[in-house]
Amino acid sequence: MAEITFNDIIKPENLAYTKSKLMTDNVMHYCPGCGHGTAHQALAEVLEEENLQSRTVGITPVGCSVLMYNYIDVDFQEAAHGRAPALATAVKRLMPDRFVFTYQGDGDLAAIGTAETIHTCNRGENILIVFINNGIYGMTGGQMAPTTLPGMKSATSPYGRDVSLMGSPIKMADIVAMLPGTCYVTRQSVNTAGGVRKFKKALKKAVQYQNEKRGTCFIEVVSNCPSGWKMTPVESNKWMEENMFPFYPLGDLKVPAE
Amino acid sequence: MEKELKLMKGNEAIAEAAIRAGADGYFGYPITPQSEILEYLMEANPQATTGMVVLQAESEVAAINMVYGGAACGKKVMTSSSSPGISLKQEGITYIAGAELPCLIVNVVRGGPGLGTIQPAQSDYFQATKGGGHGDYHLLVLAPSSVQEMADFVELGFDLAFKYRNPVMILSDGAIGQMMEKVWLNPQKKRSEEILPWATTGKPASRPRNIITSLDLDSERQEKFNLKLIAKYREMEEKEVRYEEFMTEDAEYLFVGYGTSARLCQKALQLARAEGIKAGLLRPITLFPFPKKRLNELADRVKGMLAVEMSAGQMVEDVMLSVNGKTRVRHYGRMGGMIPTPEEVVENLKSFIKG
């Protein structure tokens, strides 16, 4: 058998995995090993597979994913910190046939935007909220987030999160699952191929439920932050599995009655 | 259809005019003295007739961000509040200005600072005309002095907002919001179905994706954008200055006042004339852009200008900048929800004349 060269491997007919047509060619600013890129790709694939480009309006947050609009080829609005669900509420109410989603980190969604998150879910707005929870403020340089684990060190909890002084991590998925306005609340991850497949499946359910006007869909992705956690990508994924997953267990918290 | 004559509160006139102007959405939060706007819209339920969305938000912060989202879709959207609530909205307003989006914001001003009072005041002039939130920007500010203008400025405000892709504020006060007057209302306009080329409405194959943002991490590009905004404000100063004059032809002394203050200055003007004082009045209708040029011209002919405001003296600074030392300028005002009487304004004018 002839030797397989690099040029053979990258021939289109030999590629098993390709970039979604809805991913732009812009170079991502995310750190190596960060879950954002994987989550973006999965989301872009679902938007492409569901043929949603022409009727999608996405709302980006303030945080690491603030520049998400550079990477996925759909219309985007860039919100103020924490306010994405308020923008999404208006977009969906004014244009009910559009597919509307927000993509928010833990500082954005669970600290400064707590009110917008809870009330948007409580009103049962027909939107999808994608919540990337990596337990830290990545963009600003690794400060404590509302979801930082007890004892976890960060730039603003250098001796570890002391819950007696700093409160306990907040479980947003559990909170919004209690509200009658949400129809689908699930917690996923994107650190393995299997995890990505399940995340994509959850996204597709959210598309279906939004089409059926069943209420707010909330997909949390428990993710990593190698830079903020000061770990290699491999170490961060291991740490996430050992520490984040027990506190934020993966799986569905709420599914609509069929 | 013809115009319709009704007796209404200023706040109700704003709400009814919004429906008739073909507004797409209103997002609000209750606060005295403007809650009638949201109440009126909820009762009128225009969703069932024109399709206009009306939503009570969880906070003023959420309401203005709903306006941001709706405006980014190219929709005719608005919010209203009163002073403490408008302070909360400043974050959203600066984002809307920074993203160059059209919208209408109504401030039915009450006395401050802080929780202040629920009575009328004009103490939000600086906040309304100088930006209000962070960064270099201006709103186009309209100051109604009657219930009729509350109604008229809704449609005018939307037109100007879309013309310049800039937020427009109606700066009213608790007196004009609460008082009842007759008002001619325009016939119902159809809501626009036009999809604006810059709006985020879903990307068709025919155009690149639209991105609505106020972010640019490249300093040179950001500065270019700042210069573009300034050029827009200069254009407004060229084209959109609006004001009204009363008895300025032979005036030796000029009252300058807007909104409720302009109404009581009209009475003060009559009282002063009856006493043989040649008084006149300039009523700015646009507070930004301010009628600088006209005041500068009048400064050549009058012996002094008395800026009458229900504040500690805010608009008076723009009057001084306009006349640039050419004539004497003094401020007279009451605060905390107090409205000056025409008689006390005349007394103050007399003491101003004495020097």
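The shown structure was predicted, so the numbers you read here are calculated from the model rather than taken from an experiment. In what follows, chains carry the letters A, B, and so on, assigned in the order in which the sequence lines appear, proteins first and then strands, with residues in each chain numbered from 1.
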Peer 1: Within a radius of less than 6.0 Å around CD of E193(B), do more than 12 heavy atoms belonging to other residues, nucleotides or ligands occur?
Peer 2: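 Atom CD in E193(B) is not crowded, with 12 or fewer foreign heavy atoms closer than 6.0 Å.
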
Peer 1: Tell me, for A205(B) versus chain A, whether the close heavy atoms (under 4.5 Å) come from the side chain, the backbone, both or neither.
Peer 2: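 Neither the backbone nor the side chain of A205(B) comes within 4.5 Å of chain A.
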
Peer 1: Using heavy-atom distances under 4.5 Å, tell me whether T56(A) contacts chain B through its side chain, its backbone, both, or neither.
Peer 2: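 Only the backbone of T56(A) comes within 4.5 Å of chain B.
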
Peer 1: Do any of residues 97-107 of chain A come closer than 4.5 Å to chain B, heavy atom to heavy atom, and if so which ones, in number order?
Peer 2: R98(A)

Peer 1: Out of I64(B), L217(B), I211(B), which one racks up the most heavy-atom pairs below 4.5 Å with chain A?
Peer 2: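 The option with the most such pairs is I211(B).
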
Peer 1: Decide if atom NZ of K204(A) counts as having more than 12 heavy atoms of other residues, nucleotides or ligands within a radius under 6.0 Å.
Peer 2: yes

Peer 1: So with a 6.0 Å cut-off around NZ of K19(A), is the heavy-atom count from everything else above 12?
Peer 2: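 For K19(A), atom NZ is crowded (more than 12 foreign heavy atoms under 6.0 Å).
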
Peer 1: Which atom pair, heavy atoms only, marks the closest approach of V74(A) to R209(B)?
Peer 2: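 Nearest heavy atoms, V74(A) then R209(B): O-CD, 3.2 Å.
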
Peer 1: Is it true that atom CD of E49(A) has more than 12 heavy atoms of other residues, nucleotides or ligands lying nearer than 6.0 Å?
Peer 2: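 Yes - once you tally the heavy atoms of other residues, nucleotides and ligands closer than 6.0 Å, there are more than 12.
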
Peer 1: Name the member of R83(A), K92(A), E116(A) that forms the most heavy-atom pairs with chain B at distances under 4.5 Å.
Peer 2: R83(A)

Peer 1: Output, in order, the C-alpha distance, side-chain angles, deciding distance and verdict of side chain to side chain contact (heavy atoms under 4.5 Å, CB included) for V91(A) and T200(B).
Peer 2: CA-CA 9 Å; V91(A) 174; T200(B) 49; 5.8 Å; no

Peer 1: Please classify the contact of R191(B) with chain A as side chain, backbone, both or neither, using a heavy-atom distance under 4.5 Å.
Peer 2: neither

Peer 1: Please rank G113(A), A86(A), P85(A) by heavy-atom pairs under 4.5 Å with chain B and give me the top one.
Peer 2: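 It is A86(A).
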
Peer 1: Tell me whether Y69(A) contacts the main-chain N or O of I212(B) through its side chain, where contact means a donor paired with an acceptor under 3.5 Å.
Peer 2: no

Peer 1: Would one find more than 12 heavy atoms of other residues, nucleotides or ligands at under 6.0 Å from atom OH of Y209(A)?
Peer 2: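 For Y209(A), atom OH is crowded (more than 12 foreign heavy atoms under 6.0 Å).
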
Peer 1: Ignoring hydrogens and geometry, is there a side-chain-to-backbone donor-acceptor pair from N210(B) to D75(A) under 3.5 Å?
Peer 2: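 Between the backbone of D75(A) and the side chain of N210(B) there is no qualifying donor-acceptor contact (under 3.5 Å).
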
Peer 1: Where do N65(B) and A80(A) come nearest, in terms of heavy atoms and distance?
Peer 2: OD1-CB, 4.2 Å

Peer 1: Taking all non-hydrogen atoms of both residues into account, name the closest pair between A90(A) and F27(B) and its distance.
Peer 2: CB-CZ, 3.8 Å

Peer 1: Side-chain donor-acceptor pairs under 3.5 Å in residues 53-63 of chain B, sequence neighbours left out?
Peer 2:
from   : atom 1 : to      : atom 2 : distance (Å)
E58(B) : OE1    : R123(A) : NH1    : 2.8
S59(B) : OG     : V61(B)  : N      : 3.3
S59(B) : OG     : A62(B)  : N      : 2.9

Peer 1: Residues of residues 12-20 of chain B under 4.5 Å from chain A (heavy atom pairs)?
Peer 2: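 Heavy-atom contacts from residues 12-20 of chain B to chain A are absent.
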
Peer 1: At under 4.5 Å between heavy atoms, what parts of residues 69-95 of chain B are in contact with chain A? List them by residue number.
Peer 2: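 Counting heavy atoms that sit under 4.5 Å from chain A, the residues of residues 69-95 of chain B involved are G69(B), G70(B), A72(B), C73(B), K75(B), V77(B), E91(B), Y95(B).
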
Peer 1: Is there a side-chain contact between L67(A) and L215(B) (heavy atoms, below 4.5 Å)?
Peer 2: yes

Peer 1: Nearest 0.5 Å, what's the CG-NZ distance between L52(A) and K203(B)?
Peer 2: 14.0 Å

Peer 1: Mark yes when over 12 heavy atoms from residues, nucleotides or ligands other than D174(A) sit less than 6.0 Å from its CG; otherwise mark no.
Peer 2: yes

Peer 1: Between T60(A) and T213(B), is there a side-chain heavy-atom distance shorter than 4.5 Å?
Peer 2: no

